[in-house]
Novice: 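Could you have a look at this structure, given as structure tokens, before my questions?
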Number of protein chains: 2
Amino acid sequence: MLKEERQQFILNEVGIHNRILLTDIADQLNVSVDTIRRDIKELHAAKQLKKVHGGAVSLGFNNYNPTGKKIYSLEKKSRIAEKALELIKDGQVILLSGGTTNLELARMLPPKLKLTCFTPSLPIAVQLLGKNNIEVIFIGGRLSKDSQITVGGSAINMLSEIKVDICFLGTNSIHPMEGLTEFDWEIVQMKKAMIHSSRKVVSPCISEKIGSLQRYKICGVEEVDVLITELEPWDVKLDAFKNLNIQIL
Amino acid sequence: MLKEERQQFILNEVGIHNRILLTDIADQLNVSVDTIRRDIKELHAAKQLKKVHGGAVSLGFNNYNPTGKKIYSLEKKSRIAEKALELIKDGQVILLSGGTTNLELARMLPPKLKLTCFTPSLPIAVQLLGKNNIEVIFIGGRLSKDSQITVGGSAINMLSEIKVDICFLGTNSIHPMEGLTEFDWEIVQMKKAMIHSSRKVVSPCISEKIGSLQRYKICGVEEVDVLITELEPWDVKLDAFKNLNIQIL
DNA sequence: TTAAATACTGCAAGATTTTGCCGTATTTTG
DNA sequence: CAAAATACGGCAAAATCTTGCAGTATTTAA
């Protein structure tokens, strides 16, 4: 592997994750840590990233979600986000709902990808603001303190005026019979509106949430075009969905 | 976890909550309190926060900005924001434009003050989200990368539908004859709309910007009801404004 | 084409940093 | 004032960094 390639890879990883561990990279590329260390040293000198003890971080941008809430099941969500990335093509217009899985997706969007991205989520907007090739359009409205997305008539109104290629709908509960359900009524309204504004609905959902039920119904399973989970395709939990949609690992 | 990440996390927490407890952070990050103590010590030495018994607090002025841009003249802006606070009464509906002075104002809003607050600024929205008694309504639209506020037709449209008690209009240039001017055309449009949506227009403005001129005109001085600056009332720079408005130290 | 020069990579030894823990001061609180 | 919480300094283990060196690959030049 050429040095150039390696360094490109490193920059890419930093772009996606905002931080890397020396050992991780060395492991992934099957070279010694010394080599990576030297690469990082060079990239640091070239001001492409910031070298820190144990690895490197991206320049000038914050590594954390702005509101500092803890994210659970980050590994799984990261895997799901990775899969979700494959659905996005250059130049598309997408809609990201709230939720930490989508935040992870936002973080992982490659720096070179050109997109127009609608979102009602404050943390996601902050994250996307750091990506120069992404045009961010924020859905205005009243900010809900705990979900950190905008809700209410104004937001729904704004949603009614758009039509996007793909909507990534962070999902709290999905059930083979009952469809998507949600705890918060205002968010239900938002998600309904998002579905109406999208040609394709993708539902990233960690396994814990599959099969669960909550108070209010958003829509039936038939409205969802793609379900993304971290489970293997043959997992029993997915059987009930097999006659309906596309599923991905 | 990298030291860098940890420290970023700490700064984030301080930026949002204005204060942190040593034990809280240690708990959240699963490291010993000693480690956090050392981090805080370093950050204190780097003047990123103020170390206190049991934790840390943010410095007198705000340096939380998600994109890591530098803020100049913080002292002055802090003083101006303090003055601006006096104009706000419990239960009012206010509109905060972008800019670091307004960000500072947002940070200084007392936690018990009940307000409804409109803003097109992403950093301000993040800051306000941490205050439980403030209802935040975000003006949606396309996010401008460098100013970090929403702009464009959609945002202006949303502004046209509201009427607030006070608008705090972050000001780039104010001139006794030419009025308020701005460099960016899109922001001009936004500010015009904000003025129309407000019963009272307040212009917080550091002395460097008084008397300066930029490319596009927003409005005449007569549209501004209050000018807030850090200068003493008898300063020569203010003479030209004396027959027009209220001025505060 | 061949030989020399140069660049790249992995390894190892010693230096440095990071981190948790412990005992002892210091501060806070009732 | 006394108990509890917090701060501080030193210590040791683990991780990471630095540096020099040697073997291999790549480029340059004759």
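Just so we're on the same page: letters track the sequence lines, and every chain starts at 1.
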Novice: Grab the CG-C1' distance between A:Asp39 and C:dA7 for me, whole Å please.
Specialist: 13 Å
Novice: Write down the distance between CG (B:Asp27) and P (D:dT6), rounded to a whole number of angstrom.
Specialist: 12 Å
Novice: Calculate the interatomic distance between A:Ile25 atom CD1 and D:dT16 atom P; express it in whole Å.
Specialist: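 That distance rounds to 14 Å.
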Novice: Could you verify whether a donor N or O on one side chain and an acceptor N or O on the other, from A:Asn102 and A:Ser121, lie under 3.5 Å apart?
Specialist: no
Novice: Is A:Lys51 close enough to D:dT16 that one of its side-chain N or O atoms is under 4.0 Å from OP1 or OP2 there?
Specialist: no
Novice: Measure from the side-chain heavy atoms of A:Thr35 and tell me the nearest of D:dT16, C:dT28, C:dT9.
Specialist: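 Ranking D:dT16, C:dT28, C:dT9 by closest atom to the A:Thr35 side chain puts C:dT9 first.
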Novice: Once you round it to whole Å, what is the distance between P of D:dT16 and CD1 of A:Ile20?
Specialist: 13 Å
Novice: Rounded to whole Å, how long is the line connecting atom CD of B:Glu4 with atom P of D:dC17?
Specialist: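 Interatomic distance, CD of B:Glu4 to P of D:dC17: 13 Å.
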Novice: Atom NZ of B:Lys3 and atom P of C:dT16: how far apart are they, to the nearest Å?
Specialist: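 From B:Lys3 NZ to C:dT16 P: 16 Å.
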Novice: Could you give the distance from CD (B:Glu135) to SG (B:Cys117), rounded to the nearest 0.5 Å?
Specialist: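 One gets 10.0 Å once the value is rounded to the nearest 0.5 Å.
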Novice: Take B:Ser147 and B:Asp184, measure what side-chain hydrogen bond (donor to acceptor under 3.5 Å, both in side chains) needs, and give me the verdict at the end.
Specialist: CA-CA 10 Å; B:Ser147 62; B:Asp184 185 327; 5.7 Å; no
Novice: Under 4.0 Å between a side-chain N/O of A:Arg38 and OP1 or OP2 of C:dG10, yes or no?
Specialist: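 Looking at the OP1 and OP2 atoms of C:dG10, neither is under 4.0 Å from any side-chain N or O of A:Arg38.
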Novice: Please confirm whether the shortest side-chain N or O distance from B:Arg37 to OP1 or OP2 of C:dT19 is below 4.0 Å.
Specialist: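 For C:dT19, OP1/OP2 do not have a side-chain N/O of B:Arg37 under 4.0 Å.
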Novice: Rounded to whole Å, how long is the line connecting atom NZ of B:Lys41 with atom P of C:dT19?
Specialist: 15 Å
Novice: How would you label the contact of B:Val31 with the nucleic acid (heavy atoms, under 4.0 Å): base, sugar-phosphate, or nothing?
Specialist: sugar-phosphate
Novice: Report yes or no: do B:Ser207 and B:Glu230 form a side-chain donor-acceptor pair below 3.5 Å?
Specialist: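 Distance-only check passes for B:Ser207 and B:Glu230.
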Novice: Looking at the side chain of B:Asp34, which of C:dC22, C:dA12, D:dT6 is the nearest nucleotide?
Specialist: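 Of the candidates, C:dC22 comes closest.
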Novice: Could you check how far CG of B:Leu29 sits from P of C:dT19, rounded to whole Å?
Specialist: 11 Å
Novice: Determine the sole option in B:Ile94, B:Asp165, B:Val226 for which the side chain to side chain contact (heavy atoms under 4.5 Å, CB included) test with B:Leu87 is passed.
Specialist: B:Val226
